[in-house]
Number of protein chains: 2
Amino acid sequence: MRSPSTAHDRLIRKLESIADLSPDDRRALQDLSFGTKLVLPNQSIVQEGEDPDQCCLLVKGPIHRYKLRPNGSRQILSFHLPGDILDLQNLYLTRSDHSIGIVVPNQVAFVPHETLKTLADDCPGIGVAFWRDTLIDAAILREWIVNVGARSAQPRIAHLICELFTRLKALWLSEEDGFTLQLTQAEIGEATGLSTVHVNRTLQDLRRSNLIASEGRFLRILNWAGLQREACFDPAYLHLKTLEAA
Amino acid sequence: MRSPSTAHDRLIRKLESIADLSPDDRRALQDLSFGTKLVLPNQSIVQEGEDPDQCCLLVKGPIHRYKLRPNGSRQILSFHLPGDILDLQNLYLTRSDHSIGIVVPNQVAFVPHETLKTLADDCPGIGVAFWRDTLIDAAILREWIVNVGARSAQPRIAHLICELFTRLKALWLSEEDGFTLQLTQAEIGEATGLSTVHVNRTLQDLRRSNLIASEGRFLRILNWAGLQREACFDPAYLHLKTLEAA
DNA sequence: TGCAAAAATTAACAAGCGTTAATGATGTTG
DNA sequence: CAACATCATTAACGCTTGTTAATTTTTGCA
């Protein structure tokens, strides 16, 4: 499973992971013309794509959404992976209520709003895919609430790992038995609402249980069934097409 | 401030709280014809409105979305108030990943999907309002994540109160200095990820601090500025029109 | 009005997790 | 390759919150 190389491939792969595309839909997406731009850590995507008539499409590298609290702490709200459309919400909401964080060099593409709207109108399959994407975003947020609100440390971190692995796999961006986790333990803490120290303790527990293994940045999953059980992970909320048969 | 009496009024009030409606938009909404139905606690709205071609509109009484966990505990994900469209997501996602809870007798209306789509197409203001509603739903979920993930018990419960009061007020469904809280302490715990006992302790703290007072089901807000400060509540994420001036 | 059920409250105790701070490991840059 | 910064790890301690269970109060209903 090698990762797709072009921006178009990634967008198509993303949309196909959640909806059915007809050959016409795929062709229309392939014919879409846009320029890509490299964004470095600590740069702002919004500033880069300041043209308010353009949508921003994530091509390479994960980003996360977060809120900064008055006391200085951060809460990470979600992760976004290649193929995701980043600012659909800026289309209809004026003020942004959160920030976007970039940790590794990212590649983004900019597409005019009008182009996307025309695309959605002309290709019903694409329009449905956009709607599904938005609604799945919300479904992921709901599961995130369960994670930080109801699970104890070990299943909580296990669940985060399960979600990332499953989503990456659907995009063909993971290895068979693991993936490169682009997160420090401090960031895992900000995503799960746990302190850095406790994240460390908990990861060690997961390793001692032979559920996962760390090899540098690579996170190997030693016991996928066991990890899912520990996390109470049910991928249904991701509404992935590959899971619909199951 | 008395609550509006008809389903049409409530829907219009809801949409006007988040978007600008033209006189034509309002007329079109007034002319919308639909039947309403009473739903009692522990009944399922989805079963009631089993026609998959119809959308369900909440007319009276709050509902909440929740997930049931394998160990039997519940996590409440969000509250919905009169005027909200409940199953936009069933329009595009086949399987529901959560349940809807009804605690007090509700009144709901059913509108065919086609009608809503036509309405959105013919009246651009209404189409924008539907999109904004969906995106604001997600924004509320994000703030909910911050609440359960990052805030300690007292600000956490204070924040829930602030959100409900602000949203009810925007719909003209609150009193000037408080509102009827249709929640038991156990439910507040399920919404905030706290145990019932600790919810009780924390509510007493808030009362001792003279921020709120309980009078039966009525929750009186004694110090609105202080409560917001305690909760670190910034209503911007609700994207309410009434707040845009501020 | 009176009874039963649900909800709120209190107490005692346990434990999971946060905090602080120091040390070791890893990676990065000139 | 050395110096530095970032990140992972460990330890000690305490506090917030959970758990269990009993009691009181309120609510709802006959």
Side-chain angles (χ1 to χ4, degrees), chain A residues 40-42 69 71-76 101-105 147-161 180-209 212-220 230, chain B residues 40-42 69 71-76 101-105 147-161 180-209 212-220 230:
Chain A
L40 298 178
N42 302 322
R69 307 205 315 125
N71 68 10
S73 76
R74 281 200 322 170
Q75 175 69 46
I76 292 181
I102 300 171
V103 185
V104 295
N147 208 33
V148 293
R151 283 192 262 266
S152 58
Q154 211 163 318
R156 200 184 298 190
I157 290 182
H159 196 279
L160 177 65
I161 293 171
T180 303
L181 185 62
Q182 308 270 21
L183 294 173
T184 65
Q185 294 186 356
E187 287 166 331
I188 295 175
E190 290 171 336
T192 53
L194 296 167
S195 68
T196 307
V197 173
H198 206 61
V199 168
N200 187 280
R201 287 194 276 246
T202 308
L203 282 173
Q204 288 179 52
D205 290 341
L206 292 173
R207 289 195 284 254
R208 257 194 298 277
S209 308
I212 59 169
S214 296
E215 302 165 8
R217 290 216 109 87
F218 187 80
L219 190 146
R220 188 176 304 281
E230 173 67 26
Chain B
L40 297 176
N42 302 323
R69 307 204 316 124
N71 67 11
S73 75
R74 279 201 323 169
Q75 174 69 48
I76 293 180
I102 301 171
V103 185
V104 296
N147 208 33
V148 292
R151 283 192 261 267
S152 57
Q154 211 164 318
R156 200 185 299 191
I157 290 182
H159 195 278
L160 177 66
I161 294 171
T180 303
L181 185 62
Q182 307 269 23
L183 295 173
T184 66
Q185 293 184 356
E187 287 166 331
I188 295 175
E190 290 171 335
T192 53
L194 296 168
S195 68
T196 307
V197 173
H198 205 61
V199 168
N200 186 280
R201 286 193 277 245
T202 307
L203 282 173
Q204 289 180 49
D205 290 341
L206 291 172
R207 289 195 285 253
R208 257 194 298 278
S209 308
I212 60 170
S214 295
E215 301 165 9
R217 289 217 112 86
F218 187 79
L219 189 145
R220 189 174 305 281
E230 174 67 27

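Worth knowing before you read on, the calculation uses all heavy atoms, side chains too, and leaves out hydrogens, waters and symmetry mates. Here is how names work: the chains are called A, B, and so on, in the same order as the sequence lines, proteins then strands, and each is numbered from 1.
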Per-nt protein contacts along nucleotides 17-30 of chain C (heavy atom under 4.0 Å; B base, S backbone sugar-phosphate only, - none) come out as BBBBB---------

How close or far is atom [atom2] of [N] from atom [atom1] of [X], stated in whole angstroms?
X      : N      : atom1 : atom2 : answer
B:Q204 : C:dA7  : CD    : C1'   : 14 Å
B:N200 : C:dA6  : CG    : P     : 19 Å
B:Q185 : C:dA7  : CD    : C1'   : 8 Å
B:L203 : C:dT10 : CG    : C1'   : 15 Å

To the nearest 0.5 Å, what is the distance between CD1 (A:I161) and CD1 (A:I212)?
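Between A:I161 CD1 and A:I212 CD1, I get 4.0 Å after rounding to 0.5 Å.
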
If I take atom CD1 from residue A:I188 and atom CG from residue A:L194, how far apart are they, to the nearest 0.5 angstrom?
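Here the rounded value is 10.0 Å.
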
Is there any salt bridge (charged side-chain N to carboxylate O under 4.0 Å, His left out) pair reaching into residues 191-200 of chain B, and which pairs are they, with sequence neighbours excluded?
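Checked against salt bridge (charged side-chain N to carboxylate O under 4.0 Å, His left out) - neighbours excluded - no pair reaches residues 191-200 of chain B.
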
Pair listing, salt bridge (charged side-chain N to carboxylate O under 4.0 Å, His left out) test, anchored in residues 186-202 of chain B, at least two apart:
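Listed once each, the pairs are B:R74-B:E190.
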
Could you work out, with salt bridge (charged side-chain N to carboxylate O under 4.0 Å, His left out) as the rule, every residue matching B:R156, not counting sequence neighbours?
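Listed in chain order: nothing, the list is empty.
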
Non-neighbouring partners of [X] that pass side chain to side chain contact (heavy atoms under 4.5 Å, CB included), sequence neighbours left out:
X      : value
A:S209 : A:Q154, A:L211
B:S195 : B:V197, B:H198
B:R220 : B:D177, B:A213, B:E215, B:F218, B:L222
A:Q204 : A:N200, A:R207, A:R208

Considering non-hydrogen atoms only, spot the tightest contact between B:A191 and B:I76 and give its length.
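Of all heavy-atom pairs spanning B:A191 and B:I76, the closest is CA-CB, 3.7 Å.
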
Quick one: bend of the helix from C:dT1-D:dA30 to C:dG30-D:dC1 from 5 pairs per end, to 10°?
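So the angle between the two local helix axes works out to 60°.
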
Please identify the 5'-most and 3'-most nucleotides of DNA chain D with any atom under 4.0 angstrom from a heavy atom of chain A.
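On DNA chain D, the outermost contacted nucleotides are D:dC7 to D:dA12.
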
